[in-house]
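Only one structure is covered here, and it is reproduced in the block below.
When a ligand or atom number is given, it counts from 1 through the structure's own listing order. The figures here come from the full heavy-atom set of this structure, side chains too, leaving out hydrogens, waters and symmetry mates.
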Amino acid sequence: MKILVIGNGGREHAIAWKVSLSENVEKVYCAPGNGGMAIENKCENVALDTTPKLLEFAKKENIDLTIVGPEVKLVEGIVDVFKENGLKIFGPGKAAAQLEGSKSFSKDFMKKYGVKTAAYEVFQDVELAKKYAKDAEYPLVVKADGLAAGKGVVICSSYSEAESALNEFMVDDVFKGSGKTVVLEEFLDGVEASILSITDGNVIIPFISAKDHKQIFDNDEGPNTGGMGAIAPNPYCTPEVLKEFDEKILMPTLEGIKKENMDYCGIIFFGIMITKKGTYLLEYNVRMGDPETQAVLPLLISDFTEIILSAIDGKLKDIKIQWKKEAACCLVLASGGYPLKYETGREIKIKNNKSKVFAAGAIEDKGVLKTSGGRVLALVNTAKTLDEAIKATYNDVKNVEFDNMYFRKDIGTLYK
Ligand code: AMP
Ligand code: GLY
């Protein structure tokens with residue numbers, strides 16, 4: 001089989017690596033890929049990014065399966081285009097991708113199908129939104145409706161903060177259309193978990209739970225990033241939490257997908273909040289998480305390519321997904337200054353490394369690996385216990401070197 005993986009992050013490196021391990025896979029093209037994917041066994045980067053170019057390539061090379069990493073392409077509708085051309089592609093169609101592409105759409109879907117989620121109101125008129133915010137309880141969560149590269153959520157502790165966020169989103173239009181509609185939402189106090197799952201539209205199977213570490217600094221301080229590390233399974237996901245997740249979130253979601261006749265064969269990522277009042281759904285993502293994927297996939301025993309093909313053939317009901325009875329730790333090594341200003345083009349040296357390395361903001365330049373982004377690499381280890389996985393990962397940091405390397409020292413520490 002020839003597979004095409006679309007994307008260039010750590011998540012896509014992990015996906016390309018995992019599918020490359022299948023015996024039936026002969027070649028994995030990565031579009032555009034990164035410096036780590038370039039040297040992964042069976043993998044080759046191709047410098048393509050637009051949907052028409054990807055389609056042309058997939059047809060010309062007789063690609064057997066395309067896997068889409070990032071949400072933007074899914075929301076744009078790449079799946080519909082590939083399917084219309086008779087190509088196999090893994091991911092939801094454009095209409096179903098609105099579960100991530102529009103927060104008002106996804107909240108209305110949750111409400112309609114009884115998925116447990118925070119109370120909310122949707123506004124298109126800034127004055128009405130401000131009026132509602134004036135009388136609301138604080139903290140209040142202000143969310144831009146559309147995609148905003150992870151920057152569209154503000155937790156406001158007072159009306160004046162909410163007013164500024166509403167002005168930025170709705171009047172100044174900082175997200176170029178994505179914030180013209182807003183969702184104002186009840187604040188939930190608790191701990192977060194990420195649960196990826198796979199569905200073929202009839203059956204949904206959750207993966208091992210994971211925990212992201214979003215803030216840049218230790219003790220969960222500082223601004224949010226794309227994720228500074230992850231562990232799996234998530235220690236807060238007790239059997240009770242998972243039972244409630246199954247009954248109040250997972251199953252009602254599947255019910256909604258069926259009833260709405262959604263074209264959904266792909267990954268659904270549930271971002272949940274575990275609170276004293278129970279477990280709530282914060283959001284859906286219609287793709288795998290980054291860096292959750294880098295922690296979760298190394299724990300998968302079953303053949304990932306076969307699982308994806310079963311989903312595409314509508315045969316998920318026939319398979320059982322097996323996981324290692326171990327824990328994983330993924331540590332992101334970033335360029336100093338990220339998520340604000342940082343330098344790129346620095347040489348990366350890796351020696352005597354024992355961890356699995358997934359590249360993100362790293363490119364190959366004339367045979368030399370160089371930094372090209374904020375989150376540069378991730379080191380991942382699995383072990384019998386989480387402590388061992390954490391220790392093995394941190395032990396390996398000394399084997400990676402680039403100027404101004406920054407990483408959190410506390411991945412895996414639980415604060416609540
Ligand atoms: P979202 O894009 O909806 O997942 O929001 C991004 C982040 O904002 C989440 O991962 C949470 O940390 C936080 N967040 C979103 N909604 C809420 C809420 N209702 N209560 C508390 N925190 C929230
Ligand atoms: N780690 C969060 C996300 O991928 O959205």
Worksheet entry | Minimum-distance protein heavy atom relative to atom 17 (C) of ligand 1 | L282 CD2, 3.5 Å
Worksheet item: Is ligand 2 less than 4.0 angstrom away from at least one heavy atom of R11?
Response: no
Worksheet item: Would Y159 and Y138 count as a close aromatic pair, with their ring centres under 6.0 Å?
Response: no
Worksheet entry | Atom indices of ligand 2 within 4.0 angstrom of E292 heavy atoms, with elements | 1 (N), 2 (C), 4 (O)
Worksheet item: At what distance is the nearest protein heavy atom to atom 21 (C) of ligand 1, and which residue and atom is it?
Response: L188 O, 3.2 Å
Item to complete: Answer with yes or no whether the side chains of S102 and D145 bring together a donor and an acceptor at under 3.5 Å.
Response: yes
Worksheet item: Just checking, is any N or O donor in the side chain of N167 or K130 under 3.5 Å from an acceptor N or O on the other one?
Response: yes
Discussion item. So if I count the atoms of ligand 2 from 1 in the order they appear, which ones are less than 4.0 Å from some heavy atom of G289?
Written reply: 4 (O)
Worksheet item: With a cut-off of 4.0 Å, which atoms of ligand 1 are near a heavy atom of F187?
Response: 20 (N), 21 (C)
Discussion item. I need the nearest protein heavy-atom contact for atom 19 (N) of ligand 1: residue, atom name and distance, please.
Written reply: E185 OE2, 2.7 Å
Item to complete: May I ask you to identify the nearest protein heavy atom to atom 6 (C) of ligand 1, giving residue, atom name and distance to one decimal place in Å?
Response: V153 CG2, 3.8 Å
Fill in: Residue pair T279 / K248, side-chain donor-acceptor N/O under 3.5 Å
no
Discussion item. Could you check whether S355 and D396, counting side-chain N and O atoms only, form a donor-acceptor pair closer than 3.5 Å?
Written reply: yes
Fill in: Under 4.0 Å to a heavy atom of N285 - the qualifying atoms of ligand 2, by number
5 (O)
Worksheet item: Any N/O of D290 closer than 3.5 Å to an N/O of ligand 2?
Response: yes
Worksheet item: Are any of the N or O atoms of D212 closer than 3.5 Å to those of ligand 2?
Response: yes
Worksheet item: Using the ring of each side chain (for Trp, its six-membered ring), is F123 parallel, tilted or perpendicular to Y132, with breaks at 30° and 60°?
Response: tilted
Response to the item:
Nearest non-hydrogen protein atom to atom 3 (O) of ligand 1, with distance, is K143 NZ, 2.9 Å
Worksheet item: How far is atom 13 (C) of ligand 1 from its nearest protein heavy atom, and which residue and atom name does that atom have?
Response: I155 CD1, 4.1 Å
Item to complete: With heavy atoms under 4.0 Å as the rule, classify the contact between R287 and ligand 2 as side chain, backbone, both or neither.
Response: side chain
Discussion item. Given E192, M273, Q215, K103, identify the one with the heavy atom nearest to atom 12 (O) of ligand 1.
Written reply: E192
Discussion item. Tell me whether K409 forms a cation-pi arrangement with F407, defined as NZ or CZ under 6.0 Å from the six-membered ring centre and within 45 degrees of its axis.
Written reply: yes
Practice prompt. Ignoring hydrogens and angles, state whether a donor on the side chain of D108 or Y120 is under 3.5 Å from an acceptor on the partner side chain.
Written response: yes
Worksheet item: Would F270 and Y284 count as a close aromatic pair, with their ring centres under 6.0 Å?
Response: yes
Discussion item. When you compare the side chains of D303 and S22, does any donor N or O come within less than 3.5 Å of an acceptor on the partner?
Written reply: yes
